Novice: 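I have a structure here, written as structure tokens, and I will follow up with some questions on it.
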Amino acid sequence: MTDNEIDAPSEMKADIEKITSLAKRRGIVFPSAEIYGGFAAAYDYGPLGVELKRNIRELWWQSMVQERDNIVGLEAAIITNPKVWSAAGHLDAFHDPLVECLNCQARFREDLLAEESPDGSCPTCKTDRGFTAPKQFNMMLSTIVGPVSDESGRAYMRPETAQGMFVNFSQVQSSMRQRLPFGIAQIGKSFRNEITVKQFIFRTREFEQMEMEFFCYPEDSAEWYEYWKQERLNWYFSLGIRPQHLRLRAHAQEELSHYSKGTTDIEVHFPWGWGELEGIANRGDFDLTQHSNHSGQKLTFFDQERNEHVVPHVIEPAAGVDRLMLTLLLDAYDEEIVGDETRTLLRFAPNVAPVNVAVLPLSRNEKLSPTARSVHDRLKTQFRTQYDDAQSIGRRYRRQDEIGTPICVTVDFESLDDEAVTIRERDSMKQIRVPISGLSDALADSLNSMQPKMTREK
Ligand code: GAP
């Protein structure tokens, strides 16, 4: 696929208001500390959001680390030696252009202003008195470390996880006896003092990244750059995101970050337009060279066959957990008319769904409960299950549809005689009767058949 070859995005039924409301109603994600009025662009993840995030992380880790022999993991400190940020260029160059409204003094990111207010007026006070000239605003969040509250303790919350992989390059390479090409992967929180935070969890000041630095011979970097673009795009297809909602977009020269020789974004068709989900960057030898110069340590790979030290080049796929969660929610959201009601559902692929099997006794009843509980006990070690016996069965099906549960298992009075249960599939709402003895296999088959197999041709 070329960078520009995209299909027309299909009609999306979700908008950010519907998703924000569903996410709050169903305990997925909601404003942080709402009892105190919340806190600017900070969100807390509820029980189902936690499950969804865990699935995202685990699927990424499986595909990037577990299934590969030459990629290993790392968890570096969030607050580390400030010299890291000076060497990496973040103290000098991690800036966004900030402008201030001449009327109300509200502050905006100049490069996003046209998007927020196409007519050029102030998005806050709506006047057109204009803005100050842009000044560079450093996006790192800082803190003071230690008991003395002065500048000597100034340290930074990492704005990317990537630097952990660069400063630990030699340590990981030698302890794991890795040879080029090899990668170091990390999942963890990053922090940026974003000027403009909006669109729910799309852009926040505290967020989680999944990044991998792939160290290779300089002469192979162009090939690996192409390889990782396709690999990463295919991974999003494997999560069931509709292919027409994804595209690759190469950065223009003037968009490139200070460290990048070339970047391609995997973009998603959000309700407000195309936006970045993941960046794949060719960082060349920028970071290893900088850290080597600043620390005085050699950060090279010794190639015994060539008998020479090589400064590896780096290809970096960098994704956001929270932004992917928003993508999955928007992409899976659907509404359809059933009878005289609107059914709201999340058409999550089974591998990402927070709950993939719900066990529902027909009613809360002392005869049904022991059988339903024992079915649930057997299933919960194999599937991500939920047991729900509150309210009518119809309402419970709707509730499970809304959180994207692919399959519901209903235990009814007949189950007590025929030792069988009904399984109902979310998308088709088809119901079939299955013996309890073969239930695990039947569920595994159904979940497998619901897992999208579609990928776009390379
Ligand atoms: N190490 C390279 C790097 O950090 P980036 O494009 O700035 O690259 C990678 O960030 C990914 O992290 C983005 O594609 C996005 O998914 C996520 N991300 C970045 N800033 C974010 C923010 N303020 N809120 C939520 N996610 C963010």
Side-chain angles (χ1 to χ4, degrees), residues 16 29 32 40-43 45 49 53 56-57 60 64 74 76 78 84-85 88-90 93-96 109 111-112 137-141 156-167 183-214 225 228-229 232-233 235-236 239 241 246-251 255-268 270 274-284 286-288 290 314-330:
I16 208 78
V29 48
S32 180
Y43 291 92
Y45 289 81
K53 272 184 143 186
I56 290 172
R57 289 191 207 105
W60 188 87
M64 297 298 274
L74 179 78
I78 288 175
V84 169
W85 307 112
H90 286 74
F94 197 56
H95 290 132
D96 270 343
R109 236 175 90 170
D111 54 332
L112 298 181
F137 175 79
N138 192 289
M139 288 164 65
M140 282 203 293
L141 275 166
Y156 300 89
M157 318 285 283
R158 67 178 175 202
E160 59 171 9
T161 63
Q163 294 306 320
M165 277 78 101
F166 297 125
V167 298
I184 310 180
Q186 176 166 208
I187 301 179
K189 291 266 188 174
S190 293
F191 301 81
R192 294 182 191 177
N193 197 6
E194 298 279 0
I195 300 167
T196 306
V197 278
K198 57 174 193 171
Q199 312 293 25
F200 194 26
I201 51 173
F202 178 82
R203 185 176 290 112
T204 50
R205 298 196 171 98
E206 171 181 343
F207 55 97
E208 198 170 343
Q209 290 188 305
M210 306 182 284
E211 299 197 287
M212 194 274 291
E213 309 304 319
F214 194 73
Y225 182 48
W228 282 111
K229 285 198 279 188
R232 297 300 307 140
L233 191 60
W235 184 71
Y236 290 109
L239 306 184
I241 300 174
L246 290 167
R247 72 174 186 186
L248 293 172
R249 187 185 67 81
H251 280 208
E255 269 182 274
L256 294 176
S257 309
H258 63 275
Y259 52 73
S260 174
K261 288 162 70 117
T263 297
T264 296
D265 285 344
I266 297 181
E267 291 194 331
V268 171
F270 291 105
W274 289 98
E276 176 188 344
L277 171 61
E278 163 159 351
I280 296 133
N282 181 347
R283 295 181 78 128
F286 177 85
D287 303 271
L288 289 180
Q290 285 292 106
V314 173
I315 306 301
E316 172 199 70
V321 177
D322 319 74
R323 203 172 282 185
L324 175 52
M325 178 163 156
L326 178 63
T327 300
L328 291 169
L329 286 164
L330 287 164

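This is a predicted model, so every value here is computed, not measured. Both ligands and their constituent atoms are indexed starting at 1 by order of listing.
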Novice: Is the shortest side-chain N to carboxylate O distance from R158 to E211 below 4.0 Å?
Specialist: no

Novice: Taking the six-membered ring of W274, is the NZ or CZ of R249 close enough (under 6.0 Å from the centre) and on axis enough (within 45°)?
Specialist: no

Novice: State whether R247 and D265 are salt-bridged, where the test is any N-O pair (Lys NZ or Arg NE/NH1/NH2 against Asp/Glu carboxylate O) under 4.0 Å.
Specialist: no

Novice: Below 4.5 Å, heavy atoms only, C-beta onward: do V268 and R323 meet side chain to side chain?
Specialist: no

Novice: Is a side-chain donor-acceptor pair under 3.5 Å present for Q290 with Y259?
Specialist: no

Novice: Does a side-chain heavy-atom distance below 4.5 Å link M212 with W228?
Specialist: yes

Novice: Enumerate the protein residues lying less than 4.0 Å from ligand 1, judged by heavy-atom distances, in chain and residue-number order.
Specialist: E160, A162, R192, E194, F202, R203, T204, F207, Q209, E211, Y259, E276, L277, E278, G279, R283, E316, A318, A319, G320, R323

